[in-house]
Amino acid sequence: MTDTTESTKTTGAIGRTRVERYDPASIESRWQKKWDELGLHRTDLHEEGRPPYYLLTMYPYPSGDIHIGHWYIITPTDAIARFLRMHGENVFLPIGFDAFGLPAENAAIKNNINPRTWTMSNIDNMRRQLRTMGATFDWEAEVVTADPDYYRWNQWFFLQFFKAGLAYRQTSAVDWCPNDGTLAREQVEGADRHCWRCGAKVEKRDLAQWYLKVTNYADELIDFSGLEWPEAIKAQQTNWVGRSEGAELVFTTVVDDHQPGGDELRVFTTRPDTLFGATFMVLAPEHPLVATLTSPERRAEVDAYVARTQTETEIERLSTDREKTGVAIGADAVNPINGERIPIWIADYVLAGYGTGAIMAVPAHDERDFAFAGAFGLPVRQVVASPGSGGGGELEDAYLAHASDEVLVNSGPYDGMPADDGGRAIVAKLAEQGKAKPTVTYRLRDWLISRQRYWGTPIPVIYCERDGIVPVPEEDLPVRLPDTVDYRGSGENPLGRDEAFLNVTCPKCGGPARRETDTMDTFIDSSWYWFRYLSPEKSGGPIDRALVDRWTPVRQYTGGSEHAVMHLLYAREFTKMMRDIGIVDQDEPFIRLFNQGQILGLDGERMSKSRGNTVDPDDLVARYGADTIRLFLMFMGPWDQGGPWSPTGIGGVHRFLNRLWTIALDQHGLEGGDPDAGTLPAGESEADARTAVRNAAHRTLGGVTADYEAFHFNTMIAKLMELTNLLMRYRGTSVAGTSEWDEAVRLALLMLAPAAPHISEELWSRRLQAAGVPWASIHSQSWPDVDPTAVIEETREVPIQVNGKLRDKVTVPTRISEIELEQVVLARDKVRAALDGREPSKIIQAGGGRLVNIVVR
RNA sequence: GCCGGAGUGGCGGAACAGGCAGACGCGGCGGACUUAAACUCCGCUGCCCGCAAGGGCGUCAGGGUUCGAAUCCCUGCUCCGGCACCA
């Protein structure tokens with residue numbers, strides 16, 4: 001802790017003063033309280049005077065503690081808010097808690113307390129910690145998603161989506177985590193297919209589940225026009241949607257002893273040009289025709305393979321370079337282009353959920369088909385080759401080139417055509433017979449939202465034996481999550497064990513019925529929470545349309561990139577669904593997105609409570625104060641970069657604030673350790689020095705303003721350090737206390753205010769008091785303007801190069817002419833030495849004489 | 001394999017549109033203050049040669065464009081993040 005009793009000795013011209021030391025502990029909580037009392041951060045959403053600016057940062061999950069990673073995202077966001085307010089924007093910066101979810105349930109099971117109790121007590125703690133940052137959240141807008149007043153609207157949305165055909169129930173093989181229950185496609189990660197949250201291996205289960213029809217928006221989701229989002233996120237989402245253009249081709253099954261034939265076997269391909277090279281077909285083991293097409297003598301083997309793919313896929317899929325497996329089913333198909341009979345196989349490398357679940361295998365031109373053909377001795381026929389090569393000879397690998405300078409071979413009438421034209425011709429020909437059509441396929445799946453967990457939003461549906469699926473009437477919302485359920489895990493839905501919850505009367509027929517016992521994916525909560533911030537208390541509907549129209553889309557969103565294809569994708573999808581049911585009039589939720597980097601723990605891993613590698617900022621705050629921590633985090637490096645946590649260097653930032661304190665409060669003091677203290681630099685007049693101070697202050701202002709706008713906080717702070725160091729040099733000289741000095745200190749405080757709000761407010765208020773001016777918060781001041789006349793330089797230093805190598809520098813008047821500058825440069829001793837008698841062949845003055853380069857042979 | 005991003009001192013990082021590489025900070029060295037230490041302050045600090053003046057070399061590697069390249073182009077390497085047989 002800083003010793004507050006010690007004083008800095010001063011022996012300046014003014015005489016002895018006692019200046020207390022910078023003690024953040026004594027000032028920060030005082031200002032936080034004052035700002036609270038004044039309602040400095042409360043946003044009047046109806047105010048007409050200033051333009052609205054919705055600034056949003058991703059709300060935290062209430063895991064129990066705010067760690068340094070939270071500071072890393074939140075405090076720069078707060079600096080942006082304060083900066084914008086000083087520019088006259090009416091900034092809305094709300095905060096809330098993503099309060100449903102698995103960790104609460106697990107912690108509750110472990111400690112035998114109710115998830116709600118656990119969550120709410122964490123939230124209380126985190127509210128307190130969040131306040132120590134000095135962040136300007138509007139706490140009146142707070143949203144807690146586990147409140148019935150919030151989740152009832154999840155249910156309401158679900159009912160509207162159901163009515164609009166955007167929510168549906170379907171039974172199919174789904175990804176299932178032993179801890180989390182069902183997962184959406186986006187929530188299964190890695191080649192080994194593990195759960196995004198708990199890491200457990202994901203299995204396949206056949207379940208009836210609820211889906212949201214987000215595939216409706218596939219094309220819209222890859223259109224980012226009008227959005228300022230990081231390239232990386234746009235690329236990830238585009239890949240995730242996975243739009244793929246090609247054609248659907250229709251093969252036909254051949255009559256066999258055991259089956260009548262004539263069934264259509266549709267395949268999707270991006271390479272119709274290779275149709276003549278199809279030497280076999282492969283169906284996904286789950287393909288519906290497998291059952292009828294399989295011949296009696298192959299039946300046993302096929303059944304065994306199908307069973308095996310269902311149970312063993314995860315183990316096999318562990319290997320990235322898996323061996324191809326599969327079995328022939330004892331039936332053939334006809335290639336529509338040439339009538340050729342080719343055998344039908346099943347294999348797990350063909351996925352049931354993509355395309356048509358069946359492929360034409362062209363081993364010569366597809367790596368996977370090539371490997372499969374190699375494993376089972378199936379023929380390989382090259383049909384694309386570079387012109388002149390003929391395509392003879394054995395391929396060692398699949399031949400993948402298919403640019404327009406490749407031609408078709410072994411393709412009957414299409415021989416010699418460029419591959420891409422040939423492909424189009426083949427599709428066109430088959431289309432005449434109804435056997436092909438150009439098709440677009442997507443990787444994106446509908447959003448599976450059912451979860452077999454307790455701690456979430458109950459899905460508002462009732463199952464009646466007579467009426468089937470009956471939505472809960474809107475007037476019966478919310479379907480409350482019972483507090484007393486035995487939520488402890490036993491692999492079954494906790495809500496299914498609560499008879500009082502489970503048994504209801506059918507709203508349609510009045511007969512006995514049962515409630516849905518699944519809850520919603522918690523990503524539903526975060527898919528519209530920012531709309532709710534605008535009217536958290538509203539009871540007649542989820543959102544206040546007038547405020548939504550006025551304040552959204554969000555102008556600037558800040559948060560991590562780890563939810564690139566989860567939250568950030570769901571939020572876009574949900575907004576489009578809200579638009580389609582007519583309750584908002586916007587296509588996109590977030591205009592600008594900024595992804596800050598991650599602060600990693602000492603182990604180099606992402607900080608998380610479950611890993612136990614979090615850094616608690618409380619100790620650091622106690623020692624250095626919130627302002628130092630805020631600045632240090634911003635100074636570490638570019639905000640979008642993050643990096644491993646190390647407190648080394650925090651002292652440098654703290655010293656900077658101390659120096660600022662000194663120049664603001666002890667301008668006439670003398671530095672004991674500096675032999676030049678109190679004297680102007682040799683050869684510099686007071687007038688020169690005053691001009692230099694003013695010039696530096698305004699130049700800094702220009703740079704700092706641009707840096708704030710670009711979120712370049714590290715260089716913004718570096719510039720303020722430079723200015724402070726300069727003022728430190730002039731402290732105790734005749735320049736200290738002049739109007740130029742005074743202006744520089746004032747500007748420095750204003751520039752620092754968004755980033756280090758407490759110390760700047762404290763120094764600001766002391767200056768006002770000293771000047772006898774009534775107090776007004778620095779945070780309600782206008783951002784200062786650069787005085788263009790102040791940044792005009794009388795002279796400038798010109799680097800001189802000879803053949804691109806720096807040889808000399810010369811200081812010249814700013815208004816020097818080109819000819820004069822050339823004369824000055826050529827007269828320099830070092831230049832003449834470097835030229836060594838040679839005649840310059842060219843003299844280049846770059847940037848209007850900012851640099852001179854002399855070219856000699 | 002595909003997609004995205006990045007390679008600059010001992011370290012974190014600067015360098016806006018091709019024009020002084022290394023701002024700012026950490027660390028290190030030297031000094032002032034102190035009885036002493038801590039704190040604070042001042043100076044030096046890319047590498048090599050040299051007592052110095054000065055010179056040479058330097059932005060992952062190799063080529064290229066240019067009067068001039070950390071920056072643009074080509075080839076390759078390494079690292080980080082994402083995807084996972086997507087036909």
Inset, instruction - Please state whether the base of B:C67 and the side chain of A:Lys842 form at least one donor-acceptor pair under 3.5 Å? - result: no
Inset, instruction - Please confirm whether A:Arg572 makes a cation-pi placement over A:Trp229, using NZ or CZ under 6.0 Å from the six-membered ring centre and within 45° of the ring normal. - result: yes
Inset, instruction - Go ahead and name the base partner of B:C83; Watson-Crick or wobble counts if both distances stay under 3.5 Å, otherwise write none. - result: B:G1
Inset, instruction - Select base, sugar-phosphate, or nothing to describe what A:Pro638 touches, counting heavy atoms under 4.0 Å on all strands. - result: sugar-phosphate
Legend entry - Nucleotide paired to B:U65 in any strand shown, Watson-Crick or G-U, under 3.5 Å: none
Inset, instruction - Tell which nucleotide pairs with B:C51, taking only Watson-Crick or G-U wobble pairs whose two distances are both under 3.5 angstrom. - result: none
Inset, instruction - Determine whether any donor atom in the side chain of A:Lys719 lies under 3.5 Å from an acceptor atom in the base of B:C24, or the reverse, and answer yes or no. - result: no
Legend entry - A:Arg21 NZ/CZ over A:Trp661 ring centroid, <6.0 Å and within 45° of normal: no
Inset, instruction - Taking syn as within 90° of 0 and anti otherwise, name the glycosidic form of B:G82. - result: anti
Inset, instruction - May I ask you to verify whether the side chain of A:Asn853 and the base of B:C67 hold a donor-acceptor pair under 3.5 Å? - result: yes
Legend entry - Counter-base of B:C41, judged by Watson-Crick or G-U geometry with both distances under 3.5 Å: B:G31
Inset, instruction - Determine the interatomic distance between C1' on B:U65 and the same-named atom on B:C44; round to the nearest Å. - result: 40 Å
